[in-house]
Amino acid sequence: MTQLEQLRAAMGQAGVDALWVSDPANVRAVSGFSSGKDGKVLVTPEGAVLYTDGRYTVQAGEESRIEQHIARPPETYQDAAERVRGARVGFEAEHLTVAGLEALREHWGEADLVPTRGLVERLRLLKTPEEVEAIREAQALADRVFAGVRPMIRAGVRELDVALELETGLRRAGAEVGFNVIVASGPRGAMPHGVASERVIEEGDLVTVDFGARVRGYHSDMTRTVAVGRPSDEMRRVYGAVLEAEEAAVAAVKPGVRAADLDALARGILERHGLAEAFAHSLGHGVGLNIHEGPGLRAASEDVLAPGMVITVEPGAYLPGVGGVRIEDLVLVTQDGYEVLSHTPREALPG
Ligand SMILES: CSCC[C@H](N)C(=O)N1CCC[C@H]1C(=O)N[C@@H](C)C(=O)O
């Protein structure tokens, strides 16, 4: 079944004849058009149309796998209205703005508008070989860039300068920067999303570096926590606990495992080390056109791992006022287990 056929099957199950796709990553997934934020897609039983404007005529012609209609609102809605007359049309309840819904109501008086959730996202859970290849390339490039930057993570260097080197390295290698680079040293390590600041790295710090590349729209994601000199005994203990949780969770990845159980496995290990409260986020997430997508590796998740999923495994422990540790690998779920796509060695703390 092609991806569009799978989407139509999902639309059928959701009770809609057509689907108005407005989320940028979903627009890209369905059409191939890389400026998803400047486009919308209408999927009908007969076809699928990408709507974008005159700035993208050439780009849409080159990239889109589906018919293109170059127009701006209100012409966009008027053209689509002809195609959805009398139909039950799904819209993406999690993504369409209130103004966007009002515009649909105004122009599609003869259609029945139905909220839907996750129809395209569910298809994106399983990556095609081409998608896996893009993610693999992005991670390989990130590994190479990290190896070049690793020696500069030392006392006297600003977090911002480490981030800048990583960003420049990614750009020079032909990738985009996947998200704001996290470089959180010393006490700043207690912030899971501590993007690089002007803080100067000090002797004895642990430094959490979390960054990713984007290649052909697909992300990589990896975190290493690096010791500068000899960290305190407390932080060395925390590092050991997080490493144990990460290695155990990666080793447990295989098809059929519930994402919630994987999260519980890592959380249980950290709990045994007295760090349950310190693990302030989920174990991981899917990675693809978005840095965060399904499956969610968290307690409330109903996702079950399946071959073709690309996930992160990233337990962490954060002690406010003291510091933090996170270790993250990017993992492909295979037919019989897993393949770790991130090849940067996990750090061994100095003795
Ligand atoms: C701003 S993108 C951050 C990428 C990073 N590797 C990441 O996903 N992190 C960093 C710490 C927590 C984790 C995260 O944000 N997890 C989300 C899915 C959550 O809600 O737990």
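In this chain, numbering begins with 1 at the start of the sequence shown.
The closest side-chain heavy-atom distance from V183 to V181 is below 4.5 Å. A 4.5 Å side-chain heavy-atom check between L4 and I66 finds at least one atom pair inside the cut-off. Residues V333 and P255 are in side-chain contact: their nearest non-hydrogen atoms beyond the backbone lie under 4.5 Å apart. Residues V340 and V250 have side chains in contact (heavy-atom distance under 4.5 Å, counting atoms from C-beta outward). In this structure the side chain of D221 reaches within 4.5 angstrom of the side chain of D210, judged on heavy atoms. Between Y56 and D53, the closest side-chain pair of non-hydrogen atoms falls below 4.5 Å. Two residues are said to be in side-chain contact when any heavy atoms from C-beta on lie closer than 4.5 Å; T116 and V16 meet this criterion. Side-chain atoms of F33 and V41, non-hydrogen and from C-beta on, never get closer than 4.5 Å to each other.
Atom CD of residue E92 and atom OG1 of residue T97 lie 12.0 Å apart, to the nearest 0.5 angstrom. To the nearest 0.5 Å, the span separating CE on M11 from OG1 on T44 amounts to 7.5 Å. Atom CG of D303 and atom CD1 of I311 lie 10.5 Å apart (nearest 0.5 Å). Taking OG1 of T312 as the start and NE2 of H285 as the end, the distance is 3.5 Å to the nearest 0.5 Å. One finds the CG atom of L349 at 9.0 Å from the OG1 atom of T225 (value rounded to the nearest 0.5 Å). Atom CZ of R8 is separated from atom CD of Q6 by 12.0 Å, given to the nearest 0.5 angstrom.
Applying the ring-ring contact (aromatic ring centres under 6.0 Å, His included) test to every pair with at least one member in residues 89-124, sequence neighbours left out, gives these pairs: W20-W108, Y77-H107. Here side-chain hydrogen bond (donor to acceptor under 3.5 Å, both in side chains) pairs that include residues 143-154, with residues two or more places apart or in two chains, are Q139-D143, D143-T344, R150-E347. Applying the salt bridge (charged side-chain N to carboxylate O under 4.0 Å, His left out) definition to pairs two or more places apart or across chains, those involving residues 33-48 are D38-R55. Among residues at least two apart or in separate chains, there is no ring-ring contact (aromatic ring centres under 6.0 Å, His included) pair with a member in residues 183-233.
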Cut-off 3.5 Å, no hydrogens considered: what does the side-chain donor-acceptor table look like for residues 272-283, sequence neighbours left out?
residue	atom	partner	partner atom	Å
R272	NH2	E244	OE2	3.4
H273	NE2	E244	OE1	2.8
H281	NE2	Y318	OH	2.6

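With sequence neighbours left out, the side chain to side chain donor-acceptor pair (under 3.5 Å) criterion links R122 to no other residue. Annotation: side-chain contact (heavy atoms from CB on, under 4.5 Å) contacts of L126 (sequence neighbours excluded): A306, M309. Under the side-chain contact (heavy atoms from CB on, under 4.5 Å) criterion, V322 pairs with E234, M235, L319, not counting sequence neighbours. Scored by the side chain to side chain donor-acceptor pair (under 3.5 Å) test, D329 finds R224, S342, R346 as partners (sequence neighbours excluded). Residues passing the side chain to side chain donor-acceptor pair (under 3.5 Å) test with Y51 are D79, R83, sequence neighbours excluded. Residues that satisfy the salt bridge (Lys or Arg N to Asp or Glu O under 4.0 Å) test with R267, not counting sequence neighbours, are D263. Partners of E82 according to the side-chain contact (heavy atoms from CB on, under 4.5 Å) rule, which considers only residues two or more places apart in sequence or in another chain, are R85.
In this structure a side-chain-to-backbone donor-acceptor pair under 3.5 Å is missing from R158 to I201. R188 places a side-chain N or O within donor-acceptor distance of the main-chain N or O of V195, the cut-off being under 3.5 Å. With hydrogens and angles ignored, the 3.5 Å screen pairs no side-chain donor or acceptor of R216 with any backbone N or O of E131. A donor-acceptor pair under 3.5 Å is formed between the side chain of E63 and the backbone N or O of S34. Judged by distance alone, with hydrogens and angles left aside, the side-chain atoms of D23 form a donor-acceptor pair with the main-chain N or O of N26 at under 3.5 Å. A donor-acceptor pair is defined here as one N or O able to donate and one able to accept, closer than 3.5 Å; such a pair exists between the side chain of T168 and the backbone of L164.
A salt bridge links R88 with D112: the closest approach of a Lys/Arg side-chain nitrogen to an acidic carboxylate oxygen falls below 4.0 angstrom. Ion pairing between a basic and an acidic side chain is recognised when a charged N comes within 4.0 Å of a carboxylate O; E133 and R136 show such pairing.
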Check the pair E130, K127 against salt bridge (charged side-chain N to carboxylate O under 4.0 Å, His left out), reporting the backbone distance first and the verdict last.
CA-CA 8 Å; E130 292 74 30; K127 270 63 186 178; over 6 Å; no

Report the C-alpha separation of E293 and R124 in whole Å, then their side-chain angles, then the decisive distance to 0.1 Å, and conclude whether the side chain to side chain contact (heavy atoms under 4.5 Å, CB included) test is met.
CA-CA 8 Å; E293 54 185 54; R124 287 170 45 200; 2.7 Å; yes

Run the side chain to side chain contact (heavy atoms under 4.5 Å, CB included) test on V228 and E202 for me, step by step, so that the C-alpha distance in whole Å, both residues' side-chain angles and the decisive distance to 0.1 Å come before the verdict.
CA-CA 7 Å; V228 173; E202 293 175 10; over 6 Å; no

Starting from the C-alpha separation in whole Å, work towards a yes-or-no answer on side chain to side chain contact (heavy atoms under 4.5 Å, CB included) for E328 and V313.
CA-CA 5 Å; E328 171 185 24; V313 175; over 6 Å; no

What do the steps show when you test L160 against V162 for side chain to side chain contact (heavy atoms under 4.5 Å, CB included), and what is the final call?
CA-CA 5 Å; L160 271 173; V162 175; over 6 Å; no

Does the pair R199 and S185 meet the rule for a side chain to side chain donor-acceptor pair (under 3.5 Å), with working shown?
CA-CA 8 Å; R199 184 178 187 276; S185 63; 2.7 Å; yes

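Taking both residues in full, the closest heavy atoms of A175 and V215 are given as CB-CG2, 4.0 Å, listed atom of the first, atom of the second, then distance. Closest heavy-atom contact between A196 and A163: CB-CB, 3.6 Å. Between V89 and A111, the closest heavy-atom pair is CG2-CB, 3.8 Å. Smallest separation of non-hydrogen atoms from A190 and G321: CB-N, 4.5 Å. Residues I269 and A248 share a closest heavy-atom pair of CD1-CB, 3.5 Å. Closest heavy-atom contact between G54 and I70: N-CG2, 3.4 Å.
No hydrogens or angles considered: nothing links the side chains of E339 and T334 as a donor-acceptor pair under 3.5 Å. There is no side-chain donor-acceptor pair under 3.5 Å between Q68 and T52. Neither side chain, T223 nor E314, offers a donor N or O lying under 3.5 Å from an acceptor on the other.
With L305 as reference, L262 is the one residue of D261, V331, L125, L262 to meet the side-chain contact (heavy atoms from CB on, under 4.5 Å) rule.
Other residues, nucleotides and ligands contribute more than 12 heavy atoms inside 6.0 Å of the CD atom of E5.
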